[in-house]
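Take a look at the structure set out below.
Predicted, not measured: the structure shown is a model, and the values here were computed from it. Naming convention: chains lettered A, B, ... in sequence-line order (proteins, then strands); numbering from 1 in each chain.
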Amino acid sequence: MIGRLARAGIALALVALIVILALAFRRDPHDIRTGTVGKAAPAFTLSRLDGAGPISLSQYAGKVVVLNFWASWCVPCKQENPALVRVYERYRMSDVVIIGVLYQDSTDSGRSYVRDLGVLWPTVVDDDGRVSLSYGVFGIPETYFIGPDGVIAGRHIGPIDEQTLVTGIEAIRPAAAR
Amino acid sequence: MSPPGGRAKGRILIGLALAIFAVALALAARPHDETNAERIDRITSELRCPVCQGLSVKDSPSQTAREMRALVEERVNEGRSDAQIQAEFRAAYGDWVLLSPPVFAWTGLVWLVPLAALAAGLALVAGRFGGAPPAPDTAAPTAGEIAMLRDRVAREESADT
């Protein structure tokens with residue numbers, strides 16, 4: 001009786017192990033889970049890099065917001081910039097807003113970067129890193145997709161490409177706005 | 001041989017030294033109110049630096065760790081509890097941000113599975129080798145059983161001859 005129970009237990013443990021491994025290997029290694037995806041995007045009010053006053057997330061309620069954390073010293077940020085430029089051009093007259101967040105960088109370097117690389121969307125300065133911490137930023141570049149309901153629908157760690165940006169935006173964009 | 005007065009003096013000195021040692025030990029071990037700086041050190045030593053390889057916020061020199069420490073300092077000065085401060089970081093980074101994740105979350109399986117396996121193994125060993133051997137059947141045979149046995153023996157003997 002105990003032998004049969006033991007065999008059943010071992011078989012069950014093996015099945016559980018296979019299931020756990022299968023689930024673990026299916027995960028995208030770039031998809032590091034945090035507490036923020038699926039929750040309301042932390043509110044913020046930060047100064048614009050161009051000095052044109054502050055920007056609050058709340059002023060974009062009802063729109064799709066793409067929040068991109070970057071710095072001038074970040075090489076992968078430069079690599080992803082052309083994709084952001086193309087996506088900005090594609091959506092600039094729509095309900096989709098791109099906001100850059102300058103992360104652990106000086107405003108002078110940030111301004112040079114914006115000027116040289118054709119960043120036309122608004123960029124805000126996260127001086128003390130509080131906004132980055134509230135979003136759970138691990139390292140840059142990092143991009144968050146915030147839906148019209150103000151909930152963080154997705155996040156991408158590392159340089160993002162145009163297709164991933166468009167897919168992320170269209171997944172949360174109201175059908176009527178397309 | 002030392003004089004009796006010298007021996008007594010030696011005992012007093014040893015006793016005095018032991019008493020001083022005990023008092024010093026008690027003073028060192030007495031609970032004291034944690035200062036804000038000690039509390040910040042403790043909380044940051046329990047938080048993982050997100051941009052480091054296995055370093056706590058307290059031990060990391062990175063800017064992210066410095067920003068996290070500044071936030072902890074601000075929250076401590078605001079009078080927030082340890083749990084509230086941890087909850088703020090967990091909301092952003094999940095349980096991962098704690099260097100010692102809570103035992104009774106998903107990570108608790110890491111502790112429970114080996115214990116369950118050990119218990120199952122012990123149960124298996126106890127079932128195989130433990131326990132008393134089956135007791136011998138000491139009940140006297142019934143008259144019917146004896147009669148059947150006699151018949152069988154008689155049949156076998158007659159068959160042999």
Side-chain angles (χ1 to χ4, degrees), chain A residues 1-17 19-21 23-24 31-44 67 69 71 73-74 101-106 125-142 144 152 155 157-158, chain B residues 43-44 47-55 57 60-75 78 85-98 101-102 105-107 109-110 112-131:
Chain A
M1 179 69 183
I2 287 177
R4 279 171 61 192
L5 268 179
R7 275 197 293 276
I10 289 167
L12 197 67
L14 280 175
V15 169
L17 186 67
V19 168
I20 288 169
L21 286 176
L23 288 175
D31 179 23
I32 299 172
R33 305 291 165 94
T34 71
T36 54
V37 175
K39 291 186 182 160
F44 63 81
L67 205 58
F69 291 82
W73 47 261
C74 156
V101 182
L102 187 64
Y103 172 89
Q104 296 182 359
D105 201 356
S106 72
V125 184
D126 188 18
D127 277 337
D128 53 8
R130 294 294 164 86
V131 172
S132 309
L133 289 179
S134 68
Y135 276 78
V137 171
F138 277 85
I140 51 170
E142 251 182 63
Y144 290 77
I152 298 176
R155 182 180 73 152
I157 295 178
Chain B
I43 294 170
T44 52
L47 289 174
R48 188 191 302 272
C49 162
V51 296
C52 314
Q53 296 283 335
L55 275 182
V57 167
S60 167
S62 71
Q63 187 169 342
T64 300
R66 286 203 303 273
E67 287 168 351
M68 288 173 80
R69 187 181 168 88
L71 181 57
V72 170
E73 199 172 333
E74 192 177 309
R75 296 294 182 250
E78 285 170 2
I85 296 170
Q86 280 193 348
E88 185 171 349
F89 285 102
R90 285 170 70 186
Y93 290 97
D95 286 344
W96 176 91
V97 80
L98 304 178
W106 163 250
T107 50
L109 281 179
V110 173
L112 291 179
V113 168
L115 287 178
L118 183 68
L122 285 176
L124 195 67
V125 170
R128 182 154 293 181
F129 300 110

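Shortest non-hydrogen contact noted between A:R130 and B:E67 is NE-O, 4.5 Å. In terms of heavy atoms, A:S134 sits closest to B:A92 at O-CB, 3.7 Å.
Between the B:Y93 side chain and the A:T36 main chain, no donor and acceptor come within less than 3.5 Å of each other.
Here OG1 of B:T64 is found 7.0 Å from CG of A:L133. Values are rounded to the nearest 0.5 Å.
There is no contact between B:A116 and chain A, counting heavy-atom distances below 4.5 Å.
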